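We count ligands from 1, going down the list as the structure has it; atoms in each ligand are counted the same way. Just so we're clear, the structure is a prediction, and the values are computed from it rather than from any experiment.
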Amino acid sequence: MRRNIVAGNWKMNKLFPEADDLINNIAEQLRNFDTSDVDVIICPPFPYLELVSDVSEDGDFFTGAQNVSKFENGAYTGEVSATMLKSLGVDYCIVGHSERRKYFKETNFDIAQKIDRLLNEDITPIMCVGETLEQRENEKHFEVIRTQMEEGIFHLKADDMQRCIIAYEPVWAIGTGQTATKEQAQEIHAFIRQLICDKYNDDVAQEVSILYGGSCNAKNAAELFAMPDVDGGLIGGASLKSKDFIEIACSFQ
Ligand code: 13P
């Protein structure tokens with residue numbers, strides 16, 4: 001059965017000493033909570049992966065990366081391969097975040113290759129999908145998400161699809177304070193699960209955790225996570241404060 005998951009995406013924030021404080025605070029606070037019904041994942045910038053991975057060895061959380069190269073290894077200056085991530089103890093990796101699609105021109109086909117690299121190394125991809133405000137206003141959101149799923153991840157066989165996590169992150173909700181309503185999130189999550197069911201079968205669809213991301217915080221997490229197809233969250237800004245992040249991780253009823 002699919003797991004509840006809360007993942008913190010630190011994005012390009014924090015200097016090394018601050019990251020050190022934050023991860024040790026998170027580890028400390030997690031010790032006081034029963035985390036048996038939720039997997040907590042921390043996705044720091046690349047230079048802090050080793051730090052987070054080291055702390056995670058005695059902690060109740062996993063280490064995730066924010067990106068991976070679509071190439072295997074070799075002469076690709078500035079890139080970080082899936083094998084490198086694996087060697088640092090990384091278990092999860094975000095792919096296809098809307099910021100990477102927008103600023104680094106990542107396509108669904110790039111994302112498909114990255115997912116293959118990660119699965120080869122037994123790293124769980126957290127694949128992001130989501131529509132822009134303009135696409136939603138033009139009622140294109142279902143179509144956009146269908147295409148992102150079809151081109152980005154539906155090349156996988158059923159066994160591999162079951163190993164992946166999907167994050168629905170409406171672009172208009174990211175960093176804006178304008179969270180999707182619980183009904184809007186549920187509608188899209190159910191749609192994504194139905195797409196997986198139609199492509200594979202219901203067993204596969206029921207196995208895949210689907211996270212919500214976009215201005216999710218300690219105040220609104222519980223009502224979002226209570227929706228039947230919302231299996232947790234991918235948290236940006238609120239993951240940078242240990243107290244808020246822990247409250248979110250404890251928002252499952
Ligand atoms: P915010 O929580 O800051 O809106 O960011 C969400 C996000 O992009 C997580 O990947």
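- Taking the six-membered ring where the residue is Trp, F71 and Y76 present parallel rings, their angle staying beneath 30° rather than reaching 60°.
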Would you sort out whether F154 and Y200 count as a ring-ring contact (aromatic ring centres under 6.0 Å, His included), showing the intermediate values? CA-CA 9 Å; F154 279 172; Y200 302 94; 5.7 Å; yes
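- Near ligand 1, residues N9, K11, H97, E169, A173, I174, G175, G214, S215, L234, G236, G237 each place a heavy atom inside the 4.0 Å sphere around the ligand atoms.
- No hydrogens or angles considered: a donor-acceptor pair under 3.5 Å links the side chains of E169 and H97.
- Open room surrounds CD on E139; 12 or fewer heavy atoms of other groups in view lie less than 6.0 Å from it.
- Within a 6.0 Å radius of NZ in K14, more than 12 heavy atoms belonging to other residues, nucleotides or ligands are found.
- Ion pair E247/K243 flagged as a salt bridge, since at least one NZ, NE, NH1 or NH2 atom sits closer than 4.0 Å to an Asp/Glu carboxylate oxygen.
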